[in-house]
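Step one of this worksheet: look at the structure below.
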There are 4 protein chains.
Amino acid sequence: MSGVRAAPRGRIDKRQAILDAAFRVFARQGYANACVQEIAAEAGVAKPTVYNHLDSKERLFREAMAAAAASATARNLAAVDRLRAPGDDLRPALQEVARRLLDCYVDERSRALWRLLNAELAAFPDLLDVVWGEGTSRVTEALADRLARLALAGRLTIADPARAAEQFSGLLMGPVDSRSRLGTRQVPEVELDELAAAAVETFLAAFGPAAA
Amino acid sequence: MSGVRAAPRGRIDKRQAILDAAFRVFARQGYANACVQEIAAEAGVAKPTVYNHLDSKERLFREAMAAAAASATARNLAAVDRLRAPGDDLRPALQEVARRLLDCYVDERSRALWRLLNAELAAFPDLLDVVWGEGTSRVTEALADRLARLALAGRLTIADPARAAEQFSGLLMGPVDSRSRLGTRQVPEVELDELAAAAVETFLAAFGPAAA
Amino acid sequence: MSGVRAAPRGRIDKRQAILDAAFRVFARQGYANACVQEIAAEAGVAKPTVYNHLDSKERLFREAMAAAAASATARNLAAVDRLRAPGDDLRPALQEVARRLLDCYVDERSRALWRLLNAELAAFPDLLDVVWGEGTSRVTEALADRLARLALAGRLTIADPARAAEQFSGLLMGPVDSRSRLGTRQVPEVELDELAAAAVETFLAAFGPAAA
Amino acid sequence: MSGVRAAPRGRIDKRQAILDAAFRVFARQGYANACVQEIAAEAGVAKPTVYNHLDSKERLFREAMAAAAASATARNLAAVDRLRAPGDDLRPALQEVARRLLDCYVDERSRALWRLLNAELAAFPDLLDVVWGEGTSRVTEALADRLARLALAGRLTIADPARAAEQFSGLLMGPVDSRSRLGTRQVPEVELDELAAAAVETFLAAFGPAAA
DNA sequence: CATGAATGAGATTTCATTCAT
DNA sequence: GATGAATGAAATCTCATTCAT
C-alpha cells in the first residue's frame with residue numbers, strides 16, 4: 001500500500017541486523033561462549049528467526065566473519081591506495097598511509113576480527129582463506145605493488161617488494177600492538193602519529209632513494 | 001634423596017602432568033570447547049583428581065597459561081641475552097638474536113599461547129598481565145636495555161631504545177606471520193634465516209653506527 | 001463442463017493433493033517425525049496453505065488416515081464380495097478371495113496404514129473406530145455374512161460365522177506376516193498363491209461341507 | 001562398611017531401572033513423543049544419569065526393545081515347550097500351548113512391543129532382526145520343530161511343519177486381535193479359553209492324525 | 001588421595017502455528 | 001486464497017562440579 005511496492009527491504013535489513021549483532025556478540029564472548037539466544041536478543045528478533053536466515057551457529061559465524069573481513073579489507077586497501085599519487089615528496093605520502101593503516105588496525109572491529117581469527121583458527125581452518133587470504137595478504141600485495149612502482153620510478157631502492165611491504169606492516173603493527181597492549185588500551189592520536197612517523201623514518205632509512 | 005620422609009614429589013609431578021595436559025587440550029580446542037573430562041583423560045587421571053589439584057576449569061586455564069608463558073618468556077630472554085657480549089661485529093650477533101627469536105615465535109606452544117591469549121582476552125583480562133606483562137613486554141624491555149647499552153657504546157645510533165626494540169620485533173614478527181600464514185604453515189629454516197637477515201639489514205640501515 | 005461458474009474443483013483437488021502428500025509423509029516418517037513443512041513441499045504448496053485446508057497437524061493426520069482406511073476397506077470388501085456368487089465348486093472361489101485379501105494386505109499403503117494405526121493408537125484412540133471399526137471389522141463382518149449364507153445353503157459347516165471369518169483372516173495374515181517379515185520383504189506372487197491355497201485347504205478341512 | 005563389600009548392585013539396578021522406565025514411557029508415548037526427561041523422572045534419576053548409562057535416546061530405545069523382546073520370547077518359548085511331553089491325548093496339550101500363547105499375546109508389554117516394532121520399523125530397520133528374528137521367528141521355528149516331531153511320531157499329519165506352525169499362530173493371533181480390538185480391550189479369560197479351543201479344533205481338523 | 005556415579009544448568013536446534021501481505 | 005516471515009515451546013545432549021566410597 002506504500003505506493004512503490006516496497007522492495008523486500010525488511011528481509012535484507014533483518015539479515016544484516018542479525019549478522020551485525022552476531023559479530024558484536026562473537027567479539028564480546030568468543031565463538032563458543034556466545035549463544036544464539038543472545039545474538040537474537042541483540043538483533044531484536046526471536047531465536048528461530050536467526051535460524052531462518054542463517055542455518056546454524058557455525059554458518060552465522062562464518063558469514064559474520066566474512067562480512068567483517070570484507071569491510072576491514074576495504075578500509076585497508078583504501079589506505080594503501082593513497083600511494084597511487086604520492087606527490088613530490090614521498091615521506092608525507094608514506095606517513096599518511098602508515099597513519100591510516102594504524103587507524104585500521106586499532107579499530108575496534110578490526111581488533112575483534114583479529115582476535116576471533118586467532119582464536120578459532122584451529123576450529124575453522126577455512127577462515128584463514130576468507131579473512132587472511134582475501135584480506136591481509138591482498139593488502140600486503142597491494143602495498144608491494146605500489147612500492148614496486150615507486151622503485152621502478154627510482155624513488156625507492158627495493159630489491160624484494162613483497163618483503164619490503166611485510167616489513168612496512170611489521171614496523172607499524174609491532175609497535176602498535178605493544179603500545180595498545182594487544183588493543184586493550186586506547187592509544188592517543190598523537191602517539192599514533194609518532195608511531196607512523198617512526199616507522200616511515202626507519203623504512204626510508206632502509207629503502208629510501210639514497211639507500212645503499 | 002627419596003625414601004627419607006619422601007617429599008611429595010608424586011603429587012607435584014601429577015600436578016605438572018595435569019597442567020601440561022590442560023595446555024595441550026586448551027591449545028587444541030580453545031578454552032570453552034575443551035572439557036575437563038578430556039584433560040583428565042590426557043593426563044591419565046580421573047576427573048575428580050583434576051579438581052583435587054586445581055579447583056576449577058578457570059583456575060586450570062590460568063595456571064596452564066602462566067606456566068606456558070613463563071617457559072616461552074625464558075626462551076625469549078635467553079635469545080636476547082645473546083646481545084650481552086656482541087663481539088666485534090654487531091651484525092652477526094643481531095642476526096643470531098633475530099634468528100633465535102623467530103625460532104621462539106614459530107614454536108608450536110608459543111603460537112598456541114598467543115592464540116589462546118587473543119581468544120580469551122575478553123573473558124580473562126588478567127591474562128594480559130600474566131602473559132604479556134610478564135612475557136612479551138619484559139622481553140621487549142630486555143632488548144631495549146641491550147640496545148641502549150650498545151647505543152651508549154657508540155655502536156648503534158638510537159634515540160628511543162624502547163621504540164627501536166619494538167621495531168626490531170615488528171620487523172621479525174610481521175614477515176613471519178605473513179610467511180607462516182598465522183602459524184598454519186611451516187616455514188623452512190632457510191627462509192627463517194633470510195627473514196632474520198633482512199630484518200637486521202633494515203634495522204642496521206636505520207640504527208647502524210653510520211645512521212643519520 | 002468447466003468454464004460455466006466453475007465448481008471449486010481446484011480447491012477440492014488441492015485438498016486431496018495435500019491429504020495424499022500427508023499420508024505419504026506420515027507413512028515414511030511416522031506422525032511425530034513428519035513435519036508439516038515437508039508435507040507442504042510434497043504437495044507442492046506453501047505451509048500456510050496446508051493450514052488453510054486442514055486446521056492442524058492432528059486433523060491432517062486423522063483425515064489422511066480416514067481416507068487411506070476408506071480406500072483399503074473398499075478393496076477388501078470388493079475381494080470378499082467375490083463370495084457372493086461362488087459357483088459350483090467352493091474351493092476356487094475361496095482361494096480367489098484369499099488371494100485378493102493377501103494382495104490387499106501386502107499393499108504398500110495398507111501396510112503403512114497398519115503401521116501408523118499401531119503406532120499412534122495410544123495418542124489417537126479414536127483412530128481405532130475410524131480405521132478398525134469402519135475397516136477391518138466391517139470386512140470381517142462381511143466375510144462372516146457370506147460364510148453364514150454358505151452355511152445356510154449347506155455348503156459349509158459353520159457354527160459361529162464370526163469366528164470362522166476371524167480364523168480365515170488369521171490363516172492368511174499370520175503366514176503372510178511371517179513370510180514378508182512384517183512387510184519388509186516382497187513376497188513373490190507364487191508364494192502368495194501357495195499361502196492362499198494352504199489357508200483355504202485348512203479352512204475347508206475344518207469347515208468344509210464334509211466336516212463334522 | 002556393610003560387611004560383605006557390596007557388589008556394585010546399585011549400578012546394575014539403576015541401569016535396569018532406566019531401561020524399564022524407558023520401555024514404559026516408549027510404550028505410552030511412542031518413540032518420537034517420549035522425552036528423555038520423562039524417562040529419567042520415571043526411573044527416579046536425573047536426566048544426565050540416563051545419558052551416563054545409555055549414550056543416546058536411540059540407544060535407549062534399542063536396548064529397551066531388545067530387553068522386552070528377550071523377555072517376551074522367553075515366555076513364548078516356555079509355552080511352546082509344553083509340547084515336549086504331550087501326553088496320550090494331543091488335544092489338551094495343544095490347547096494348553098494355545099492358551100499360554102494367547103496369554104503372552106495379550107500381555108501388556110507384548111502388545112506394546114508389537115506396536116513399537118510396527119511403528120518404528122521404518123526408522124529402525126534393524127529392530128526387525130532383534131525383535132522378530134530373535135523373537136517371533138524363533139518361536140515359530142520351535143513350534144514347527146515340535147509339530148514335526150509329532151508328525152514323525154504319527155500323531156499329526158503335516159507336510160510342511162513351518163507352514164503349519166504359522167497357521168497355528170495365525171489361528172490364535174487373528175481372532176485375538178479382533179476380539180481385543182488391537183489390544184485396546186481386555187478379553188475375559190473364558191473368551192481366551194474359547195479362542196484357544198476353537199483354534200485347536202480347526203488345527204486338528206486340518207492336521208489331526210485322521211486328517212486327509 | 002583417587003575415583004565412579006550423579007546432577008543442575010544451559011546450549012543448539014526443530015517445529016507447529018500465526019500474521020501481514 | 002496463497003505465501004514469506006516470525007515466534008513460543010520444547011527436546012536432545014553436554015559439561016562443570018560434587019558425593020560417597
Side-chain angles (χ1 to χ4, degrees), chain A residues 1-2 5-6 8 10-11 14-15 18 32-40 43-60, chain B residues 8 10-11 14-15 32-40 43-61, chain C residues 8 10-11 14-15 32-40 44-61, chain D residues 1-2 5-6 8 10-11 14-15 18 29 32-40 43-60:
Chain A
M1 208 60 83
S2 61
R5 181 78 177 76
R11 178 141 181 88
K14 198 158 283 183
R15 185 191 159 94
I18 291 172
N33 250 42
C35 77
V36 177
Q37 178 75 256
E38 190 175 350
I39 292 174
V45 299
K47 216 189 326 175
T49 302
V50 173
Y51 282 92
N52 274 348
H53 288 264
L54 287 311
D55 309 336
S56 66
K57 188 185 180 186
E58 191 179 320
R59 179 87 182 275
L60 198 52
Chain B
R11 176 146 183 83
K14 193 163 286 187
R15 182 190 162 95
N33 254 42
C35 73
V36 177
Q37 178 73 258
E38 189 174 351
I39 293 173
V45 300
K47 218 185 330 177
T49 304
V50 173
Y51 282 91
N52 278 344
H53 287 263
L54 286 311
D55 311 335
S56 67
K57 188 187 180 184
E58 193 179 318
R59 180 86 182 277
L60 199 51
F61 184 59
Chain C
R11 179 144 180 84
K14 195 163 283 186
R15 184 190 160 94
N33 254 41
C35 74
V36 178
Q37 178 73 259
E38 189 175 351
I39 292 174
V45 299
K47 220 188 324 178
T49 303
V50 172
Y51 282 90
N52 279 343
H53 287 265
L54 286 310
D55 311 335
S56 67
K57 189 186 181 184
E58 194 178 317
R59 179 87 182 278
L60 200 51
F61 184 59
Chain D
M1 207 58 84
S2 61
R5 182 78 177 77
R11 180 143 180 85
K14 198 157 286 186
R15 184 189 159 96
I18 291 173
Q29 321 252 357
N33 250 41
C35 77
V36 177
Q37 179 74 257
E38 190 174 350
I39 293 174
V45 300
K47 212 188 333 173
T49 302
V50 174
Y51 283 92
N52 274 349
H53 288 263
L54 286 310
D55 309 335
S56 65
K57 189 185 178 185
E58 191 179 318
R59 180 85 182 275
L60 198 51

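These numbers come from the heavy atoms of this one structure, side chains and all, not from hydrogens, waters or symmetry mates. Chain A is the first sequence line, chain B the second, and so forth, proteins listed ahead of strands; every chain is numbered from 1. Owing to the predicted nature of the structure, the values given are computational and were not obtained by experimental measurement.
Scanning both residues, Ala32(C) and Asn33(D), for their nearest heavy atoms gives CB-OD1, 3.6 Å. The shortest non-hydrogen separation linking His53(B) to Arg15(B) is O-NH1, 3.7 Å. Nearest heavy-atom pair across Ala34(C) and Lys57(C) is O-NZ, 2.9 Å.
If you take CG of Asp55(A) and C1' of dT14(E), they are 13 Å apart, rounded to a whole angstrom. Going from atom CZ of Phe61(C) over to atom P of dA16(E) covers 13 Å, rounded to whole Å. Distance, Gln37(B) CD to dA16(F) C1': 11 Å, rounded to whole Å. One can place CD of Glu38(C) at 10 Å from P of dA16(E), the figure rounded to the nearest angstrom. Atom CG in Asn33(B) sits about 11 Å away from atom C1' in dC15(F), given to the nearest Å.
Judged by distance alone with a 3.5 Å cut-off, a donor-acceptor contact links the side chain of Asn52(D) to the base of dA6(E). Taking 3.5 Å as the limit, the base of dT13(E) and the side chain of Lys47(A) contain a donor-acceptor pair of atoms between them.
Among the protein residues, Ala34(C) comes within range of the sugar-phosphate backbone only, with heavy atoms under 4.0 Å from sugar or phosphate atoms but none that close to a base. Residue-level contact check: Ala40(B) touches neither bases nor backbone, having no heavy atom under 4.0 Å from any strand.
Regarding contacts with the backbone of dA5(E), every side-chain N or O of His53(D) stays at 4.0 angstrom or more from both OP1 and OP2. Taking only side-chain nitrogens and oxygens, Lys14(A) never comes nearer than 4.0 Å to OP1 or OP2 of dA5(F). Contact check, Thr49(C) against dT3(F): a side-chain N or O comes under 4.0 Å of OP1 or OP2.
The nucleotide dT21(F) finds its pairing partner in dA2(E), both defining distances of the Watson-Crick or G-U wobble pair being shorter than 3.5 Å.
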